[in-house]
Amino acid sequence: MLGILLVNMGTPESCTRKDVQQFIGNILSDPLVFGKSKWLSSLLGKNIIAPLSSRNSLKKYEQIWINEHHSISPLLHNMRKLANVLEQKKSTPVEIAMRYSEPSIETGLKNLEKKCPLLHEVIIFPMYPQYAQSTTQSIIDETARLFYQKAHSYRLKFVEPYYNHPAYINALAANVEKYIKEEYKILFLSHSLPVNQITAGWQKGKDFDYVYQIKETIRLLCEKIEIDVQHTLLLYSSQRGEKWLKPFLNKNIADLPKLEWKKIMVISPCFPIDNLETLYDINIEARQLFMDAGGEEFVFVPSLNDNNEWVDGIWEIIS
């Protein structure tokens with residue numbers, strides 16, 4: 001029988017400074033994130049960067065955490081909902097996993113095995129449409145490392161980047177069309193990455209070219225919703241230094257009203273699930289910066305989450 005493991009990068013286990021610091025440290029300790037050696041990544045991530053940035057990150061998480069008791073993060077909440085809807089709609093066992101938090105990839109695989117002892121194939125579905133070594137490759141490497149530690153009765157199949165898959169583009173278009181108006185300018189948002197990683201991917205070809213894949217997603221989406229791509233703008237968020245992919249969302253969005261971009265709709269086609277970067281970086285921080293600079297309307301387009309079109313899209317991509 002077929003099983004599906006939806007894999008995301010993760011989220012703090014609770015809205016506390018301790019858990020936020022641990023989560024940041026887990027991410028930045030991965031050599032694939034910064035491209036440093038394992039020992040240096042661990043030293044910088046867990047012992048220097050995470051302690052320094054956890055207080056500020058906690059303030060952000062506190063503004064998006066679900067309900068007054070801070071019981072669950074939006075990303076975990078939306079991942080669970082998506083898995084439940086996909087499982088029920090397609091009558092196929094589905095579990096979720098996180099690369100840097102719980103449920104871990106190891107836990108996700110074990111949960112699938114318990115749910116369906118007769119598995120013959122597990123589909124690993126990264127919740128990242130565009131390839132990046134710090135997301136896609138990290139998920140592949142960690143899953144393979146765990147899988148080959150012992151014998152299994154089933155095989156693994158990794159879903160390749162689906163940035164240009166018609167099912168993904170159709171799901172994006174159906175989501176965007178609920179919000180679009182003729183007077184809106186469209187701003188696209190993607191996660192920034194170190195320039196040296198971008199260059200390394202570009203040199204390998206378009207299958208590893210993060211910027212190419214993002215721009216191709218945008219081109220195909222604009223074509224689908226009949227918008228001139230030249231009338232859109234792409235910005236990047238979550239940079240950790242000047243040698244990261246630009247232009248930066250938090251430094252450049254305030255310039256838009258001066259350029260007569262006073263009514264904008266903001267979309268993040270690299271995040272199928274809402275998270276800190278969509279709910280805070282876009283819908284809170286960027287909104288405030290834009291409106292304070294003279295903006296008139298700011299429309300935030302939520303991620304696909306458990307939309308019916310996306311549930312069907314995942315199934316079509318897998319099939």
Side-chain angles (χ1 to χ4, degrees), residues 3-12 22-46 49-50 75 79 94-113 119 121-163 190-214 238 240 244-245 270-273 275 314 317-318:
I4 301 171
L5 189 65
L6 305 176
V7 187
N8 215 311
M9 298 309 285
T11 177
Q22 181 176 341
F23 175 59
I24 296 171
N26 289 345
I27 293 177
L28 300 182
S29 294
D30 185 347
L32 290 176
V33 173
F34 273 139
K36 307 291 185 182
S37 63
K38 188 173 183 178
W39 74 268
L40 183 56
S41 296
S42 181
L43 174 65
L44 292 173
K46 290 188 175 181
I49 302 176
L75 183 139
M79 285 286 287
V94 181
E95 286 291 334
I96 66 171
M98 304 295 181
R99 175 63 182 90
Y100 302 110
S101 63
E102 291 293 335
S104 65
I105 294 173
E106 183 176 19
T107 299
L109 290 172
K110 287 180 178 179
N111 288 341
L112 270 181
E113 293 167 6
L119 283 172
E121 183 175 68
V122 172
I123 305 295
I124 307 298
F125 195 100
M127 301 305 294
Y128 291 88
Q130 298 86 15
Y131 174 89
Q133 74 171 44
S134 56
T135 53
T136 317
Q137 193 61 53
S138 184
I139 288 172
I140 292 172
D141 289 359
E142 178 65 7
T143 306
R145 183 188 72 81
L146 292 166
F147 184 74
Y148 290 115
Q149 286 180 349
K150 62 178 183 178
H152 293 81
S153 61
Y154 57 88
R155 63 179 180 266
L156 294 181
K157 180 180 179 182
F158 292 92
V159 171
E160 296 181 354
Y162 44 92
Y163 65 95
S190 188
H191 191 291
S192 185
L193 290 173
V195 172
N196 60 354
Q197 288 188 26
I198 299 298
T199 302
W202 169 75
Q203 290 173 342
K204 291 180 182 179
K206 66 180 183 180
D207 289 341
F208 304 92
D209 190 336
Y210 180 71
V211 174
Y212 164 79
Q213 293 184 10
I214 290 171
S238 299
R240 287 186 174 272
W244 283 53
L245 197 56
C270 68
F271 293 119
I273 299 291
N275 56 74
I314 289 175
I317 292 169
I318 290 172

Check your understanding: Does Asp207 reach the side chain of Pro161, with side-chain heavy atoms less than 4.5 Å apart?
Key -> no

Review point. Can you name the closest pair of heavy atoms from Leu146 and Glu106 and give their distance?
Key: CD1-N, 3.6 Å

Point to revise | Short side-chain to backbone donor-acceptor contact, Gln197 and Val33, under 3.5 Å | key: yes

Review point. Ignoring hydrogens and geometry, is there a side-chain-to-backbone donor-acceptor pair from Gln213 to Lys206 under 3.5 Å?
Key: yes

Check your understanding: Taking side chain as C-beta onward, heavy atoms only, is Thr107 less than 4.5 Å from Glu102?
Key -> yes

Exercise for review: Test Glu142 against Arg145 for salt bridge (Lys or Arg N to Asp or Glu O under 4.0 Å), laying out the working first.
Suggested key: CA-CA 5 Å; Glu142 178 65 7; Arg145 183 188 72 81; 2.9 Å; yes

Review point. Looking only at atom types and distance, does a side-chain atom of Gln130 sit under 3.5 Å from a main-chain N or O of Tyr163, one as donor and one as acceptor?
Key: no

Point to revise | Minimal non-hydrogen separation, Pro103 against Ile96, with atom names | key: CG-O, 3.6 Å

Review point. Where is the tightest heavy-atom contact between Lys157 and Ile318, given as atom of each residue plus distance?
Key: NZ-O, 4.2 Å

Check your understanding: Is the His152 ring parallel, tilted or perpendicular to the Phe147 ring (thresholds 30°, 60°)?
Key -> parallel

Exercise for review: Scan side-chain atoms only and decide if Ser29 and Tyr100 contain a donor-acceptor pair under the 3.5 Å cut-off.
Suggested key: no

Exercise for review: Answer whether the closest heavy-atom distance between the side chains of Phe271 and Tyr128 falls below 4.5 Å.
Suggested key: yes

Review point. Checking Ser101 side chain against Pro12 main chain: does a donor-acceptor pair fall under 3.5 Å?
Key: no

Check your understanding: Mind checking whether Thr11 and Met79 have side chains closer than 4.5 Å, heavy atoms only?
Key -> no

Point to revise | Within 6.0 angstrom of Glu121 CD, more than 12 heavy atoms from elsewhere | key: yes

